[in-house]
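Labels below follow one simple rule: chain letters A, B, ... track the order of the sequence lines, proteins then strands, and each chain is numbered from 1.
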There are 2 protein chains.
Amino acid sequence: MVKTARDTGSAVTDPRSFERAKALVHRIVADRHDRPSLVAGIACEVGAEIIEGIRQAGDDLNSVELSRRFATSRTPIREALMLLEKEGLVDVPPRKRPRVAVPDLQDIREIYRARAALFELIAVDVAKGVSEEGLARLRHAFAEMQASYRAGDVSAFVWANVDFYDQNTLLANNRTVKRILDSLLLRTARLRRLSLSQPGRMERSCDDHARLLRAYEDRDATLAAALIRSNHINALAALEAYLTRAA
Amino acid sequence: MVKTARDTGSAVTDPRSFERAKALVHRIVADRHDRPSLVAGIACEVGAEIIEGIRQAGDDLNSVELSRRFATSRTPIREALMLLEKEGLVDVPPRKRPRVAVPDLQDIREIYRARAALFELIAVDVAKGVSEEGLARLRHAFAEMQASYRAGDVSAFVWANVDFYDQNTLLANNRTVKRILDSLLLRTARLRRLSLSQPGRMERSCDDHARLLRAYEDRDATLAAALIRSNHINALAALEAYLTRAA
DNA sequence: TGAGCGCAAAGTGTAGACAGTCCTTATCCA
DNA sequence: TGGATAAGGACTGTCTACACTTTGCGCTCA
């Protein structure tokens, strides 16, 4: 149907994963305006298709075709694509056809480093002020990650990992940083799966997160910050290894 | 013309400052698509009016009225307002009139902390790799700050300060972090003036930046990171003091 | 007087149309 | 054969129109 400019792994067809992707786009795009909106619905659907690899980097996003598919006029389609452009999922050049954004290696490096810096901020706050209930939630999310790892389910692991970090940002109670991190997550969501499907990556990630959890239990903010940073550096290294090998 | 929900200081009428504000909005909103665009033009104009305080927090942004003023239809107006909403300058509730966003104290705190975390990242990179030419540019920007301080021109100082930090992000060569920082800057641009007009703030800021510059000259990344963090903490403290006194 | 109700005006969200730009393809010339 | 070019179709940016929602105001009734 659409031609591929740069293949970044095969499409995910698991409907549960697709729903998770849609929800992820939704909470960024719809933000606090939680009323159902035509534009937000379109953005979530198309955004999830990009994240799940159904639409590959470089694919055309023809507004006429999309308006037919969603049985609306082009106005809401254009607005939805603008939302996705702001999140870095879509590229809308003036007077030209919108396309699925093609992230380059520098972008990816920058995103991981920015994420690391902001998560350090989060980790310090969590370590300093986490309640027993908060710890329980983190443990629960971590248990999901372990279960997915044992089941060898990369897709489930990715989303469990998202949940784990979500718990962090929620506990730190910082909307601004949460928004930025969510936005950065969106851009790399597609790639995380690739990074984590590297042999040994899930196991290593589990170890790292176990240590982070212990640092939280000990209320050791400095260690937690260092660990969360190294988590990100490791993830980036695995991803870079994959991408350079693929190229 | 428009009624004020919450006054956050008087409007700036200096046309040079207004042009700077417009340019600031432009580089975020138009990003790399540098072709002149109707939507971007409207967004810059309205955005600058918000930053400069010509439109106060809570003011209505009626799309019909704006379309009359810019002699266009409502479609590009709506798109421009959506862009500004993504940057946190405007609030567009569904089915209700768009308004100039009203930042609350928690938002402001979060923004300053996020900025501090990301600027640390930038400072480390700059300190590690800055060339003699880069240092010269930083010194030049700093000299502008000092000149504005001596002239007692808060508005000029604010923009000189923006230039100084711009040099930092440019030298670190990190587009992603630059984009995020620009966006965060936009949200607080209006408030920075208030913070810096506090007695002694400009002088203190000059001292802080002089020390930062020395850290760069010594290629001391750790010190530079610490200094840039403390700059932000100081600025936030001054702003909080002003806002609580005003309330 | 004051709270509740209903109506008119104002404003938003979407549709559909049109002009201008871009892209593709077929044709021409070297 | 290969590269330039022009015509046609495809697509975008913007405009106008319209249905539906919200808002503000005046009226009723206690």
Side-chain angles (χ1 to χ4, degrees), chain A residues 1-5 26 29-46 49-50 55 58-86 89-102, chain B residues 1-5 26 29-46 49-50 55 58-86 89-102:
Chain A
M1 190 214 295
V2 273
K3 66 179 177 190
T4 299
H26 180 85
V29 152
D31 212 4
R32 47 201 152 182
H33 312 313
D34 34 24
R35 216 175 313 190
S37 135
L38 179 58
V39 170
I42 295 166
C44 293
E45 195 73 26
V46 175
E49 286 172 6
I50 294 169
R55 292 177 188 272
D59 282 357
D60 279 3
L61 290 165
N62 182 328
S63 71
V64 174
E65 186 188 313
L66 286 170
S67 72
R68 266 199 295 270
R69 170 171 159 206
F70 288 101
T72 65
S73 73
R74 279 173 49 240
T75 312
I77 301 287
R78 281 173 55 81
E79 292 194 1
L81 291 178
M82 280 179 58
L83 287 180
L84 294 176
E85 185 189 30
K86 276 285 141 194
L89 289 180
V90 169
D91 197 29
V92 188
R95 295 261 166 216
K96 293 194 186 159
R97 229 166 296 157
R99 289 163 180 275
V100 177
V102 182
Chain B
M1 189 213 297
V2 274
K3 67 180 176 191
T4 298
H26 181 85
V29 153
D31 212 5
R32 48 201 150 181
H33 312 314
D34 35 23
R35 215 174 314 191
S37 136
L38 179 58
V39 170
I42 296 165
C44 293
E45 195 73 26
V46 175
E49 286 172 7
I50 294 169
R55 293 177 186 273
D59 282 358
D60 279 4
L61 291 165
N62 184 326
S63 69
V64 175
E65 186 188 313
L66 286 171
S67 72
R68 266 198 296 272
R69 171 171 158 205
F70 288 102
T72 65
S73 73
R74 278 173 50 241
T75 311
I77 301 288
R78 281 173 54 80
E79 293 194 2
L81 292 178
M82 279 179 59
L83 287 180
L84 294 176
E85 186 189 30
K86 278 283 139 195
L89 290 179
V90 169
D91 197 28
V92 187
R95 296 256 163 219
K96 293 191 183 159
R97 233 167 294 154
R99 288 163 180 278
V100 177
V102 182

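A salt bridge links A:E49 with A:R69: at least one charged nitrogen is closer than 4.0 Å to a carboxylate oxygen.
Between B:T75 and D:dT14 there is no side-chain N or O to OP1 or OP2 distance below 4.0 Å. OP1 or OP2 of D:dC15 lies within a sub-4.0 Å distance of a side-chain N or O belonging to B:S73.
Remark: B:R74 pairs with no residue by the salt bridge (Lys or Arg N to Asp or Glu O under 4.0 Å) rule, at least two apart or across chains. In this structure B:E85 satisfies the side-chain contact (heavy atoms from CB on, under 4.5 Å) test together with A:H33, B:D91, B:V92, sequence neighbours excluded. The side-chain contact (heavy atoms from CB on, under 4.5 Å) check on A:A43 picks up A:V29, A:A80, A:L83, A:L84, with sequence neighbours excluded. For B:E45, the side chain to side chain donor-acceptor pair (under 3.5 Å) partners at least two apart in sequence or on another chain are B:K22. With sequence neighbours excluded, the residues satisfying side-chain contact (heavy atoms from CB on, under 4.5 Å) with B:E79 are A:R78, A:M82, B:V39, B:T75.
Atom CG in B:L66 sits about 9 Å away from atom P in C:dT12, given to the nearest Å. In this structure, the CD atom of B:E79 is 13 Å from the C1' atom of D:dC15, given to the nearest Å. Straight-line distance from the CE atom of B:M82 to the P atom of D:dT14: 14 Å, rounded to whole Å. Regarding A:D60, its CG atom lies at a distance of 12 Å from the C1' atom of C:dC22, rounded to whole Å. In this structure, CD1 of A:I77 is placed 11 Å from C1' of C:dT14, rounded to the nearest angstrom. We find that CG of B:L83 is positioned 12 Å from P of D:dG13, with the value rounded to whole Å.
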What string of B, S and - do you get for nucleotides 7-12 of chain D 5' to 3' if you count protein non-hydrogen atoms under 4.0 Å? ----SB

